[in-house]
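Each residue takes its place number in the sequence, starting with 1.
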Amino acid sequence: MDTNHKRAQACQGAPVTSAPPPATAGRQQPQLVDRLDGPLFFPVTAYGPDGAPDPAAFRAHVRDGIDAGAAAVFACCGTGEFHALTPGEFADCVAAAVEEAAGRVPVIAGTGYGTALAVQFAELAHAAGADGLLALPPYLVVPGQQGLLTHYTELAAATPLPVIVYQRDNAVFAPATVAALARTPGIIGLKDGVGDLDLLQRIISTVRTEAPEEDFRYFNGLPTAELTAPAYRALGVHHYSSAVFAFAPEIALAFHRALDTGDDTTVQRLLDGFYRPLVELRNQGHGYAVSLVKAGVRLRGRDVGPVRPPLSEPSPAHVKELAGLVERGLGLVGDGG
C-alpha cells in the first residue's frame with residue numbers, strides 16, 4: 001500500500017476499500033490548481049424541445065464561454081443541474097465539454113449524492129476526460145464531521161482526479177475537518193457556499209497552521225459571487241465562480257479585471273449598478289440561482305431550453321427585469337468598466 005493511501009486511511013479513521021489513486025494524481029494536482037486563475041465558467045445544461053439534453057446547443061454554449069476567456073469549465077455542477085441528470089446524460093455532457101475545451105482550459109465535473117454514487121459519477125467523469133471534480137454535498141442527510149470526512153476521503157481515494165469540496169447546505173465543516181481534508185491526497189481545495197466569513201477565516205487559519213505544507217485553495221462559491229468577492233479577497237480568497245459569465249461574459253470579465261487591478265471605481269460601479277440589483281432579483285424566486293441564469297443565456301441568443309423539474313422558470317416579469325439589468329450592465333462596461 002502506498003504512502004498516500006495510508007494517509008487517506010489515517011484521516012478518515014476507517015479502512016478504505018477503494019483502490020488507491022494512481023501515481024499520476026500527485027502530479028495532476030498542482031497542474032490543475034495553477035490553471036484556475038481567472039473567470040470560472042459554470043455552463044448550463046441545454047435541453048431540446050423533447051426535454052432531452054441538446055448536445056449541439058450545449059457545445060455551442062461551452063464554446064462561447066471558452067472563446068470569451070473562461071479559465072475553466074465546471075460542467076454538470078449546480079448551475080448545470082447535476083441533480084437532474086441521469087448518469088448517461090452526465091457522462092455525455094462532460095465528454096462534450098472536454099471535446100470543446102480540447103485542452104485549452106481544464107474541465108471540472110460535478111459529483112455528489114452518497115459515497116457510492118459520488119464514486120460512480122467520478123468514474124464517469126474520469127472516463128469522459130475531465131481534469132477534476134467539484135464534490136457537491138451529500139444527498140439530503142445532515143452528517144456529522146466524521147461522516148463528512150469519511151465521505152470525501154473515500155471519494156478522493158477512489159479517483160485519480162483532483163477534488164474540490166463544496167461547502168454549503170448540509171455539508172458545513174469545522175476548521176479541523178478542513179485541515180484533515182487538506183492533508184488528504186487528491187483533495188485540493190474548498191469552495192465556500194455558506195458565506196460565514198468568521199468560519200472561513202478560522203478554516204483558513206487552521207489549515208495554514210496545521211497543514212502548512214499543502215497547496216490548498218479556496219473558492220468563493222456563493223450565488224452571484226461577485227457581490228461578495230471584495231470581502232473574500234480580504235481573507236485571501238481570490239478564486240470565485242461566476243454565474244454571470246454564463247450569460248454576460250463581458251460584464252463578468254470587466255469586473256474580474258477591475259478586481260485584479262485594484263480599479264475600485266469600476267468594481268463599485270458594477271456592484272451598485274448591476275450585481276446588487278441582480279442579487280435582489282435572484283432572491284425573488286426559488287431556484288433562480290439556476291433558472292435565472294438559464295433565462296439569461298436564452299436572452300443572449302443561445303436556446304438552451306428550460307430548467308428541469310423540480311426547478312421552474314422565472315416569471316415573464318422577472319425575465320424582462322433581467323433583460324434590463326443585462327442592458328444596464330453592458331452599458332456600465334461600455335462606460336469604462
Could you pull out all donor-acceptor pairs under 3.5 Å where a side-chain atom in residues 243-253 meets a protein atom, sequence neighbours excluded?
unit_1, atom_1, unit_2, atom_2, d
E250, OE1, R300, NH1, 3.3
E250, OE2, R300, NH2, 2.9

Steps toward side-chain hydrogen bond (donor to acceptor under 3.5 Å, both in side chains) verdict (Q145, T177): CA-CA 7 Å; Q145 294 298 300; T177 304; 2.6 Å; yes
Evaluate side-chain hydrogen bond (donor to acceptor under 3.5 Å, both in side chains) for E226 paired with S242, printing each intermediate quantity in order. CA-CA 7 Å; E226 285 92 341; S242 178; 2.6 Å; yes
Decide yes or no on salt bridge (Lys or Arg N to Asp or Glu O under 4.0 Å) for D303 and R298, but give the supporting numbers first. CA-CA 5 Å; D303 185 3; R298 294 195 301 268; 5.7 Å; no
Test log, rule ring pair (Phe, Tyr, Trp, His ring centres under 6.0 Å), inputs Y113 and H83: CA-CA 9 Å; Y113 303 116; H83 68 277; 8.9 Å; no
Full working for salt bridge (Lys or Arg N to Asp or Glu O under 4.0 Å) between K294 and E81: CA-CA 11 Å; K294 208 161 195 181; E81 298 179 76; 2.8 Å; yes
Yes or no on salt bridge (Lys or Arg N to Asp or Glu O under 4.0 Å) for R308 and E89, after CA distance, side-chain angles and deciding distance? CA-CA 13 Å; R308 278 179 169 175; E89 291 171 341; 2.9 Å; yes
Given salt bridge (Lys or Arg N to Asp or Glu O under 4.0 Å), test R59 with E99 step by step and report yes or no. CA-CA 9 Å; R59 285 175 176 273; E99 289 176 11; 2.4 Å; yes
Checking side-chain contact (heavy atoms from CB on, under 4.5 Å) for the pair I204/F216: CA distance, chi angles, key distance, verdict? CA-CA 9 Å; I204 292 169; F216 197 70; over 6 Å; no
Stepwise side-chain contact (heavy atoms from CB on, under 4.5 Å) test for I188 and I164: CA-CA 6 Å; I188 64 171; I164 299 168; 3.9 Å; yes
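A ring pair (Phe, Tyr, Trp, His ring centres under 6.0 Å) check over residues 84-107, counting only residues at least two apart or in different chains, returns the pairs F82-F90, F90-F121.
Remark: the Y232 side chain and the D192 side chain contain an N/O donor-acceptor pair separated by less than 3.5 Å. Residues Q201 and S205 have side chains that never bring a donor and an acceptor to within less than 3.5 angstrom of each other. Using modelled atom types and a 3.5 Å distance limit, the side chains of N220 and S241 yield no donor-acceptor pair.
A pairwise comparison of heavy atoms in P175 and L199 identifies CD-CD1, 4.1 Å as the closest pair. Here the shortest heavy-atom pairing between D131 and P106 reads OD2-CA, 3.2 Å. Taking each heavy atom of L155 and A122 in turn, the nearest pair found is CD1-CB, 4.0 Å.
Side-chain contact between T266 and V333 is absent, with no heavy-atom pair separated by less than 4.5 Å. Put simply, the side chain of R104 reaches to within 4.5 Å of the side chain of D67, judged on heavy atoms. Side chains of Y152 and F173 form a contact here, defined as non-hydrogen atoms less than 4.5 Å apart.
A cation-pi arrangement is not found for K191 relative to F219, the charged atom failing to lie both closer than 6.0 Å to the ring centre and inside a 45° cone about the ring normal.
There is no path of hydrophobic side-chain contacts, each under 4.5 Å, that joins V290 to F74.
Of the listed residues (V267, D272, T265, L271), just one forms a side chain to side chain contact (heavy atoms under 4.5 Å, CB included) with R269, and that residue is T265.
The 12-atom threshold is not exceeded at CD of E327, counting heavy atoms of other residues, nucleotides or ligands nearer than 6.0 Å.
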